[in-house]
Amino acid sequence: APDPVFVLRGHRSDVHCVRFHPHGDLLCSGDAAGEIKMWNMETKRCIISLPSCHQNSLLSVDFLSNDELLSQARDGCTKLWKITESDLVEIKTIHTDSSTFGKGCFSRFSF
């Protein structure tokens, strides 16, 4: 296997999901501890870190628009976030009975 071009360090738990912003300037990652990190792809630095924003491991993250992120975790919560320059602001949470609710297609979910 080829060597990596670069390595992003910062998560203390296994990373379960990643997603590039449509413009390619940001990368969002989610880990087994329920933490979300946002990375600046030009500088390769973490610009936002939300430890324990979910109570269990992340299943998926996806950008809904230029300034909205959706996250889903094994805690049965799907959360909509507003992306600002220095933070993710939780807008809405939907609680479900199943950790697989919307898996694979949740970015099309209508809030």
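Values below: all heavy atoms of this structure, side chains included; hydrogens, waters and symmetry mates excluded. Residues: numbered from 1 along the sequence shown.
- Taking a 6.0 Å sphere around CD of Q55, one finds it holds 12 or fewer heavy atoms contributed by other residues, nucleotides or ligands.
- Between D31 and H16, every side-chain heavy-atom pair lies at or beyond the 4.5 Å cut-off.
- No side-chain heavy atom of H23 sits less than 4.5 Å from a side-chain heavy atom of F63.
- I36 approaches S71 most closely through the heavy-atom pair CD1-CB, 3.7 Å.
- In the hydrophobic clustering of ILVMFWY residues, with side-chain heavy atoms under 4.5 Å counting as a link, L8 and L26 come out apart.
- Note that CZ of R9 is 13.0 Å distant from NE2 of H11, once rounded to the nearest 0.5 Å.
- When hydrophobic clusters are built by joining Ile, Leu, Val, Met, Phe, Trp and Tyr residues whose side-chain heavy atoms come closer than 4.5 Å, directly or via intermediates, I48 is not grouped with W39.
- Under the side-chain contact (heavy atoms from CB on, under 4.5 Å) test applied with E35, the options S49, S57, S29, C53 reduce to a single match, S49.
- Distance check: K79 NZ to T93 OG1 gives 4.5 Å after rounding to the nearest 0.5 Å.
- Counting heavy atoms from C-beta outward, Q72 and L58 have side chains that stay 4.5 Å or more apart.
- Taking each heavy atom of H21 and S65 in turn, the nearest pair found is NE2-O, 4.0 Å.
- Using a 4.5 Å heavy-atom cutoff, the side chains of L69 and L64 are not in contact.
- When hydrophobic clusters are built by joining Ile, Leu, Val, Met, Phe, Trp and Tyr residues whose side-chain heavy atoms come closer than 4.5 Å, directly or via intermediates, I91 is grouped together with L70.
- The nearest pair of heavy atoms linking M38 to C28 is SD-CB, 4.0 Å.
- Contact of the L88 side chain with the K82 side chain is not registered, since no non-hydrogen atoms from C-beta on lie closer than 4.5 Å.
- A heavy-atom distance below 4.5 Å is found between the side chains of D87 and L50.
- Annotation: the span from K92 atom NZ to T78 atom OG1 amounts to 12.0 Å, rounded to 0.5 Å.
- V18 and L59 fall into different hydrophobic clusters, where Ile, Leu, Val, Met, Phe, Trp and Tyr side chains are chained together by heavy-atom contacts under 4.5 Å.
- Under a hydrophobic clustering in which Ile, Leu, Val, Met, Phe, Trp and Tyr are joined whenever their side-chain heavy atoms come within less than 4.5 Å, directly or via other members, M41 and V7 fall into different clusters.
- Residues F20 and D25 have side chains not in contact (no heavy-atom distance under 4.5 Å, counting atoms from C-beta outward).
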